[in-house]
Amino acid sequence: MNRSRLMHAAATAATLGTAATLGTACQLSAPADEEPLVDLDTIRSELRLDADSFLNTGTRSLHLERNLRFASARSGADADNGRALFGLAADGETIDTSGALFEGPSLAFEGLVVSNGRACASCHRGRSLSFGMPPPPIDAHIPDTDPVLTGVDADAQGDPEALEVLVDLGLFKYRPNRFNPARPAEDPYRRVFFWRKSPPLVNVVFSRGFLLDGRARVMFEAARGAVFSHTQSSDQRFDDLFSLPDAFDMEAFMFEQLSDPRLGALLDENHPDHDALAGDPFHTVELRTHAARRGKRVFIRDCMSCHNTPNVFNDLANVQGLGSDPNRPPTFPAFGPNTGRAFNIGVSERNAHGLRFTEPASDGSFAPVVIPLINENGSVDEHTVTFDIGLAATTGRAEDIGRFKVPQLRNIRSLGPYFHDNSAATLADVVEYFNSDAYNESADGRRHRIRQSRRERRDLVRFLEAL
Ligand code: HEC
Ligand code: HEC
């Protein structure tokens with residue numbers, strides 16, 4: 001049996017249930033265009049999802065589980081108020097910052113906080129953009145008088161290239177540890193910075209961990225960080241202007257934003273459709289063409305080791321959220337261990353846009369930031385930062401270098417450009433990336449190599465377009 005025949009048989013075996021051996025699957029193999037029936041257990045066993053060789057090692061110590069566990073809005077939270085705090089009018093489209101600026105006298109700030117006019121909706125534009133940004137160049141869609149552009153120094157803090165990178169590539173510059181109270185002012189971690197897109201906020205309720213590397217364990221951390229970093233040039237916090245009930249209302253608003261209302265059944269075990277969605281990963285996916293159906297098999301074989309949450313297609317591995325377990329008290333130090341699995345698939349090492357990761361000094365010179373990172377054996381390396389180190393900037397672990405959370409894939413055709421650095425313009429570019437050396441030689445790509453024929457790549461794109 002040649003390789004592609006074997007792959008086909010493996011995919012077909014997945015369609016026939018765990019009892020089918022490869023041999024019988026060959027005899028029973030369905031016509032190439034018939035849509036396979038697959039359930040999650042079958043995919044798990046056929047694709048060796050539990051194989052040790054594929055788990056990224058460090059996250060194992062977090063006791064990741066594979067149950068369907070999602071966060072939910074707090075009872076009593078007011079999504080409508082959350083929308084106003086987010087900076088959107090009732091149409092979910094028009095920016096209205098009147099209730100969304102978090103300014104005023106602050107004891108923590110030791111003075112008067114004056115906003116630069118940016119609200120959440122400045123960077124997470126309305127519903128028609130799935131609460132993300134329009135594609136770059138940004139100034140083709142947004143006037144240069146808009147606070148998202150006039151307020152850029154709050155994030156960039158004098159970096160001469162930040163406005164250009166934002167306009168041309170749609171990437172914001174900011175320091176993830178800028179407000180981390182566990183890091184003293186002179187700690188080099190405070191100076192590490194990222195260039196990242198503002199992601200669409202659709203199906204966020206299915207996330208394990210928030211922000212592109214999953215470092216925020218609850219929405220409160222993500223939203224508070226956004227208010228602090230994007231509205232002030234100063235490193236001074238103003239916690240007293242951002243209340244927990246406000247954050248819960250904003251969370252309720254964001255958690256309501258589903259790409260398809262049917263997905264809501266996954267959040268409620270008692271919903272009559274829950275088991276159908278939980279048991280069949282493709283229950284809500286309608287595939288109208290033969291090519292898309294063939295692409296689905298390629299997706300099961302090559303992509304579902306990571307994109308495995310049924311009907312959502314982010315990664316379902318998770319640990320208990322804060323407050324739900326004696327080992328995860330609500331008082332857990334800020335920016336501690338993440339709540340889901342993250343992978344290094346090589347996107348940041350590739351640095352396709354040639355982004356600069358050195359910091360500018362006042363004399364016009366540039367130098368890299370050097371931080372200590374701890375290895376699994378307890379030794380410490382002085383690491384020179386030359387690309388976006390992803391989750392490692394939060395955990396301080398060498399193993400987390402370049403790790404990002406696995407994004408959801410519903411409605412993905414309209415959510416480009418793709419990856420945390422907007423480095424893939426189209427879904428075809430994404431599929432090419434997964435076939436490249438950059439992916440196949442990356443820390444996690446090495447454990448799950450991908451080589452597809454031209455026809456498989458075309459079919460896979462058709463499948464992704466249908467999600
Ligand atoms: C100046 C632009 C900007 C503003 C203003 C902004 N964000 Fe963001 N947002 C970003 C960027 C950039 C990221 C990616 C951050 C990262 O990965 O470190 C992000 C990520 C997020 C995420 C993570 C989504 C996910 O899939 O995990 C959430 C949630 C979020 N923002 C909510 C908010 C809220 C709530 C506000 C208002 C309080 C806000 N943002 C204001 C730029 C912005
Ligand atoms: C080893 C785990 C892994 C595998 C296997 C994998 N992905 Fe991903 N995928 C990721 C991670 C992590 C990201 C985020 C990378 C980033 O932003 O830097 C991602 C990002 C994406 C994105 C971009 C989404 C967005 O909103 O920007 C798409 C599309 C995607 N993957 C599709 C696929 C397809 C198709 C396959 C199979 C050919 C695949 N993935 C295989 C982990 C994986």
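As the structure lists them, so they are numbered: ligands from 1, and atoms in each ligand from 1. We number each residue from 1, following the sequence as shown.
Between C120 and ligand 1, a contact under 3.5 Å exists for no N or O pair. The shortest N or O to N or O distance between R196 and ligand 1 is below 3.5 Å. Residue R215 has at least one N or O atom closer than 3.5 Å to an N or O atom of ligand 1.
For D235 against Q157, the heavy-atom pair with the smallest separation is OD1-NE2, 3.3 Å.
When each of R294, R454, R297 is tested with D459 by the rule salt bridge (Lys or Arg N to Asp or Glu O under 4.0 Å), just one qualifies, namely R294. For the ring-ring contact (aromatic ring centres under 6.0 Å, His included) with F228, the qualifying choice from F109, F179, Y174 is F179, the only one to do so. Of the options F404, Y433, W195, a ring-ring contact (aromatic ring centres under 6.0 Å, His included) to F419 is made by Y433 and by none of the others.
Near V227, meaning under 4.0 Å from one of its heavy atoms, ligand 1 places the atoms 38 (C). Per-residue contacts place F404 under 4.0 angstrom from the following atoms of ligand 2 (heavy atoms of the residue considered): 12 (C), 18 (O). For ligand 2 and L460, the ligand atoms under 4.0 Å from any heavy atom of the residue are 35 (C), 38 (C). Each of the atoms 23 (C), 25 (C), 27 (O) of ligand 2 lies under 4.0 Å from some heavy atom of Y418. Each of the atoms 18 (O) of ligand 2 lies under 4.0 Å from some heavy atom of V347. Counting the atoms of ligand 2 from 1 in the order shown, those under 4.0 Å from a heavy atom of I345 are 1 (C), 9 (N), 10 (C), 11 (C), 13 (C), 15 (C), 19 (C), 42 (C). Per-residue contacts place L409 under 4.0 angstrom from the following atoms of ligand 2 (heavy atoms of the residue considered): 28 (C), 29 (C), 30 (C). The C303 neighbourhood of ligand 2 comprises atoms 34 (C), 35 (C), 36 (C), 37 (C), 38 (C), 39 (C), 41 (C), with distances under 4.0 Å to a heavy atom of that residue.
The residue from F343, F419, F299, F313 that puts a heavy atom closest to atom 22 (C) of ligand 2 is F419. Of the candidates R208, R224, H124, M133, it is H124 that places a heavy atom closest to atom 8 (Fe) of ligand 1. In the candidate list L171, L85, L201, L201 is nearest to atom 24 (C) of ligand 1, counting heavy atoms. Taking only non-hydrogen atoms, the option from C306, G445, G295, G390 nearest to atom 43 (C) of ligand 2 is C306.
Atom OG of S442 and atom CZ of R403 lie 11.0 Å apart (nearest 0.5 Å). Atoms SG and NE2, from C120 and H230 in turn, are 9.0 Å apart once rounded to the nearest 0.5 Å. Here the CG-CZ distance, from L212 to R196, works out to 6.0 Å after rounding to the nearest 0.5 Å. In this structure, the separation between CG on D168 and CG on D139 is 7.5 Å, given to the nearest 0.5 Å.
The shell of residues lying under 4.0 angstrom from ligand 1, judged by heavy atoms, includes Y174. Contact analysis puts A119 in contact with ligand 1, with a non-hydrogen atom separation below 4.0 angstrom. For the ligand labelled ligand 2, residue V431 lies outside the 4.0 Å heavy-atom shell. Contact analysis leaves F463 out of contact with ligand 2, as no non-hydrogen atom separation drops below 4.0 angstrom.
Remark: minimum distance from atom 3 (C) of ligand 1 to any protein heavy atom is reached at C123 SG, 2.6 Å. The shortest contact between atom 25 (C) of ligand 1 and any protein heavy atom is with K405 NZ, 3.4 Å. Of the protein's non-hydrogen atoms, K197 O, 3.3 Å is the one closest to atom 12 (C) of ligand 1. Nearest protein heavy-atom contact of atom 19 (C) of ligand 1 is P199 CD, 3.4 Å. Distance from atom 23 (C) of ligand 1 to its nearest protein heavy atom, with residue and atom name: L211 N, 3.4 Å. In terms of protein heavy atoms, atom 17 (O) of ligand 1 is closest to L212 N, 2.8 Å. The protein atom (non-hydrogen) at minimum distance from atom 29 (C) of ligand 1 is M219 SD, 3.5 Å. For atom 6 (C) of ligand 1, the nearest non-hydrogen atom of the protein is H230 CD2, 3.4 Å.
Under 4.0 angstrom from ligand 1, the non-hydrogen atoms of F172 all belong to its side chain. At a heavy-atom distance under 4.0 Å, only side-chain atoms of H448, from C-beta outward, approach ligand 2. For A226, every heavy-atom contact with ligand 1 shorter than 4.0 Å involves the side chain, none the backbone. Only the side chain of Q452 comes within 4.0 Å of ligand 2, counting heavy atoms alone; its backbone N, CA, C and O stay farther away. Here L415 has no heavy atoms under 4.0 Å from ligand 2, in either its backbone or its side chain. Under 4.0 Å from ligand 2, the heavy atoms of L464 that appear belong solely to its side chain.
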Report task. Report the C-alpha distance between Q257 and N203 in whole Å, list the side-chain angles of each, state the deciding distance to 0.1 Å, and finish with yes or no for side chain to side chain donor-acceptor pair (under 3.5 Å). Result -> CA-CA 6 Å; Q257 310 307 328; N203 297 340; over 6 Å; no
Requested in this report: Begin with the C-alpha distance, continue with both residues' side-chain angles, and end with the deciding distance and a verdict on side chain to side chain donor-acceptor pair (under 3.5 Å) for E349 and N344.
Outcome: CA-CA 9 Å; E349 276 103 323; N344 177 355; 3.1 Å; yes
Requested in this report: Could you go through the side chain to side chain contact (heavy atoms under 4.5 Å, CB included) check for F357 and V192 one step at a time?
Outcome: CA-CA 9 Å; F357 282 91; V192 170; over 6 Å; no
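Using the six-membered ring where Trp is involved, F434 and Y439 have ring planes that are perpendicular, over 60° apart on the 30 and 60° scheme. Ring geometry for H124 versus F86: interplanar angle of 30 to 60°, hence tilted.
In this structure a side-chain-to-backbone donor-acceptor pair under 3.5 Å is present from R208 to D315.
Between F220 and F242, a ring centre-to-centre spacing shorter than 6.0 Å is recorded. Ring centroids of F131 and F253 are separated by less than 6.0 Å, placing the two rings close together.
Ion pairing between a basic and an acidic side chain is recognised when a charged N comes within 4.0 Å of a carboxylate O; D437 and R451 show such pairing.
Among the atoms of H307, an N, O or S atom falls under 2.8 Å from atom 8 (Fe) of ligand 2.
Relative to the six-membered ring of F463, K296 misses at least one condition, a distance below 6.0 Å or an angle of at most 45° to the axis. Both cation-pi conditions hold for R183 and Y189: the charged atom is under 6.0 angstrom from the six-membered ring centre and inside a 45 degree cone around its axis.
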